[in-house]
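These notes are about the structure you will find just below.
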Protein chains: 2
Amino acid sequence: MGTDVDSVKGHTNARADEDIRRVDPTIGDLIVMQALPIGAYAAPVSAPTERAVNLADVARLAGVSPATASRALGGHPHVAAATRERVRRVADELSYVVSPDASRLAGGRTGRVAALVPHLDRWYFAALLDGLAGALRSAGLDLLVRCVGGAADRAEQLQRMPGRRVVDAVVALAFEVDGWDGADVPLVTVGGPPSTVPFVTIDDLAAGRQAMDHLIHLGHRRIAMIEALDPDQRSEEPVGRRVAYEQALAQAGLPQDQDLVATVDWGGVEGADAMARLLGLRHPPTAVYAHSDEVALGAIRTLRRAGLRIPDDVSVIGVDDHPLAELTDLTTVRQPVREQGALAGHMVATALSGGDPGPGIVLPTQLVVRGSTAPPREERR
Amino acid sequence: MGTDVDSVKGHTNARADEDIRRVDPTIGDLIVMQALPIGAYAAPVSAPTERAVNLADVARLAGVSPATASRALGGHPHVAAATRERVRRVADELSYVVSPDASRLAGGRTGRVAALVPHLDRWYFAALLDGLAGALRSAGLDLLVRCVGGAADRAEQLQRMPGRRVVDAVVALAFEVDGWDGADVPLVTVGGPPSTVPFVTIDDLAAGRQAMDHLIHLGHRRIAMIEALDPDQRSEEPVGRRVAYEQALAQAGLPQDQDLVATVDWGGVEGADAMARLLGLRHPPTAVYAHSDEVALGAIRTLRRAGLRIPDDVSVIGVDDHPLAELTDLTTVRQPVREQGALAGHMVATALSGGDPGPGIVLPTQLVVRGSTAPPREERR
DNA sequence: GGGCAGGCTGGAAGCGCTTCCAGAGGTCAC
DNA sequence: GTGACCTCTGGAAGCGCTTCCAGCCTGCCC
C-alpha cells in the first residue's frame, strides 16, 4: 500500500515528522505519545556500561588459557573432559557467547547465512523464509535477510557477497542466479528453477499439469490461464506453469486460443483484472487455471461480482495451497513451501560443515480438490 | 573441522537424511536429481581463492596509510579533499567493502539490527518485517531475523543480545518486552503494547471500537466476538480488542453475554471452529467481530457451509486489512502494518546515529467498509 | 622572519577470537 | 630404562579495522 518505504531517505530527527507523514499520506493525524520514560536508552553515550564477558574472562575463571577455552567451547579434540566441562560451566554461568565478529575475523565462521528475497510480504516467500529460519536456527546459524528488488539489484546483491565477509553462505529465494562467482561462499537456491548450484524446488511443469489435467478430466474444454509474473523478474523463456497449460491442452487434443491466456503482474487484484478481461471474451472459459492461489482468489472476486457461481458456472484452480485456500474452499495444487525452505537450510548447514549438499532436490506437489472445481455445467458444445 | 558451526548441537552429516525426512513426514519420495554439475562449490577446501581486497590494499594503491584510508572512507574530518577522493576512487575500482566484523571489532558498528519475530509466515509479521527491512536498508543497516517461539524463548533471546556483540540494535515484533537490560543496545518494539522502550503501534482499543461501533451503528444487537490469541503469548490482562468489545456493548447499553465471546488460538481454521461454536448457541449472533481478518475468513467459511449468507444473514468484520480482505470483500479495520515496520526502522536508525527516537508512535486505524457487513435482517426483536 | 596553531598523515595498539607451534607430562613398547 | 608417541595445555601470531598519539608541514600572525 501507499508509498514505497525505501523512498524515505533522511534520518535526522528534524525530518522525522515529515518522514512519518510521507510513509502514508492517508494517515492524517499521528498520535505521538510524549510522556513515557525512555530509560537509559535515550543517552547514546551513557556511563561506561559493564564490558561484556569475553573468552579471556571465561578462561581466567576456569583457570585455563584462552586457547584452551576456545578449544573447549568449540568442541575441538585434545581437551581433557574435565577441563572442557569446567570451561563450559563457567561460560554458562557467565552466559558467555562468542563474538561472531571476532570469531569470523580469526578465521572462523560468521555463523550467518544471508537470504536474498524478492518480496518479504508475500505468503510464499514468508513461508519459505520461515522454513529456512527454522532449519538454520537448529543448525546454530543466524539468518540475515536482504530484500532484493529488480534484476539489477539482485545481480548486484549477489556480487556484493565478497569472500565470506558478511556471511558464510547465501540462499537465493525464488530467482535465478546467473553468474555466481563467490567461489568460497556456498550458494543454494530455493523455489527457483533448477540450477547449477544446489537447489530445492518443485517441478512447476508437473504442478501445472496436475491442475490442468484435473480441469480437463472434469470435462472442461475451454480453459483459461491467468499467468502472473513478477514485474521485475520476467524472463525470456516461458515458465513451467505456462508450458504445462499448453502441453496439457495439446495432449488432450484441445485447441489453443491465445485469448484465453491472460498474463499480468503478480497479485490478487491483477488476477481480478485478468478475470474481467477473460469474461469479456465472446466465448468465456468454463474453467480458469490461475498461476497462484492469490491470483485465483482475485479471479473469484470478479466472477462473484459478475454474478457467476463457483464452481457451477466457472471452475477455478490455483497453485500453492495458501493457508487461505482452505478457508475459501479453493481447489489447488499444493506445494510444500515451508519444507523447501527447511531443506535449503539443511543444505546450507551441510555445506558449511564440509558435507556435500548434493546437486538439488525436487519436491512433489499434490492436487487438493476442494469446492471451486466441478464439471462444466453444459456438457454440450 | 566438520564440527565447527554445528558443534554445539551436533549436526553431523550422518543425520542429514534423517533431518530431511523429519521435515515433513508426508513427503514420501524426494526426487533427488543427481546429474547436475555443482561447480567449485562442492569442494569445501578448494584452491586458495583470491583473497578479498582489504583496507590495506586500498591504502597501498592510493599511496596512503591504512589509517588515512580508514578516515577517508569513513568520512572523518582531517583528511585532505584530494586524498579522500583518491582513496574513494581506488576503493570503488576495487569494489572494496569494509568488513563489518573487523569494523565492529575495532570499536565501530556492526551495521546490523536484529528483529525478533514470533511467526514469520503470518501476513502481519511478514508485512511488518517488510517495512522494517526497507527502512533499515535505506539506512544502510542489515537485518538479522531471529524467530522466537514461546515466552521463555523470547525472554532468552532478549537476554542473549549482550553488549552489542551481534547487533547494534534490536526490534521486537509484536510482543511485550519485560526486562530489557541491554543498556547499550537500543530496543524498539513494534506492533506490541506501548512500552517503556520506544515503540510503534496502533491503538488496539480504538481499532476494536471502530469495528464494534460500525456493527452497532448498523443496528446489530447480538454481536459475537472471536478472540484469537497467540498460543504462546497469552498474557494476563485482556487485549485491547477485547476490551473494545465490552466497552462498546456497555456504552450502547447492550447486554453482555459471555457465550458470545469465543476465545481460540490464532488462525483461520480456529476461527472457523469458533464460529461453529457460536452457531450452536440458542440465540446465534447476527454479527461477528473477529480479532483479525484471517480469523474472520475462517468464520465466513463456517457460515457459508451452514448455508448462511453474508451479510444478509450474518455480518462479519475483521481487523488488519489483509490483502485478501479486499479480494474476499471483507469489511475490516485497516492498520498500517508495513508503515509500522518502516517507522520502527527509522527509529532504530535515528537512535543509532545518536538521535532521539522519541518515546513512541501510535498510528491511526481506519474502518474499511466492504460487503461483509450490513444491517441485521430482522429489525424486530 | 620566527614561532605557533592547526590541518594532514602515519605508526601502532588493540578489539576478541582461532589456530599454529611448542612444550610438559604421561604411557607404552622395546 | 629409555625413546617414541600421545594427550593436553599455553604462548603468540594474526584476522581487518578504528583510533589514539605523534609528528610533519604548511600558513599565518606578530
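Just so you know, these numbers come straight off a predicted model, no measurement behind them. To find a chain, count down the sequence lines: A is the first, B the second, and so on, and within it residues start at 1.
- The nearest whole Å value for the distance from the CZ atom in B:R71 to the C1' atom in C:dC8 is 8 Å.
- Heavy atoms of B:A67 sit under 4.0 angstrom from at least one base atom.
- Between B:R112 and A:D101 there is a salt bridge, with a side-chain nitrogen of the basic residue lying less than 4.0 Å from a carboxylate oxygen of the acidic one.
- Between the side chain of B:R104 and the main chain of B:G111, no donor-acceptor pair closer than 3.5 Å is present.
- In summary, A:D57 and A:R60 engage in a salt bridge, as defined by a charged side-chain N under 4.0 Å from a carboxylate O.
- In the set D:dT9, D:dC17, C:dG16, D:dC17 carries the atom at the smallest distance from any side-chain atom of B:A102.
- In this structure, A:Y96 places its OH atom 11 Å from C1' of C:dT18, rounding to the nearest Å.
- Applying the 4.0 Å criterion to OP1 and OP2 of C:dT18, one finds that A:S70 has a side-chain N or O inside that range.
- Position along DNA chain D of the nearest nucleotide to B:A106 versus A:R86 favours A:R86 as the more 5'-ward residue.
- Distances were taken from every side-chain heavy atom of B:H78 (C-beta onward) to each of C:dC8, D:dC17, D:dT9; the shortest belongs to C:dC8.
- Here the P atom of nucleotide D:dC15 and the CG atom of A:D101 are 17 Å apart, to the nearest Å.
- Atoms CG (A:L73) and P (C:dG16) sit 16 Å apart, rounded to a whole Å.
- Between B:H76 and the phosphate of D:dT19, there is a side-chain N or O to OP1/OP2 separation shorter than 4.0 Å.
- When the C1' atom of D:dG11 is taken as reference, atom CG of A:L55 falls 15 Å away, rounded to whole Å.
- Remark: B:S65 is in phosphate contact with C:dG10, judged by side-chain N or O atoms under 4.0 Å from OP1 or OP2.
- Looking only at distances, a side-chain donor or acceptor of B:S353 sits under 3.5 Å from a matching main-chain atom of B:A349.
- Checking A:A56 against B:A81, the closest nucleotide of DNA chain C that is more toward the 5' end is the one next to B:A81.
- The distance from atom CG of B:L105 to atom P of D:dG14 is 17 Å, rounded to the nearest whole Å.
- The side chain of B:T83 contributes an N or O atom lying less than 4.0 Å from OP1 or OP2 of C:dT9.
- The distance between atom CZ of A:R84 and atom C1' of D:dT9, rounded to the nearest whole Å, is 13 Å.
- Using modelled atom types, no side-chain atom of B:S70 and backbone atom of B:P66 make a donor-acceptor pair closer than 3.5 Å.
- Straight-line distance from the CG atom of B:N54 to the P atom of D:dG16: 5 Å, rounded to whole Å.
- In this model, no side-chain donor or acceptor of A:R104 finds a partner on the base of D:dG16 within 3.5 Å.
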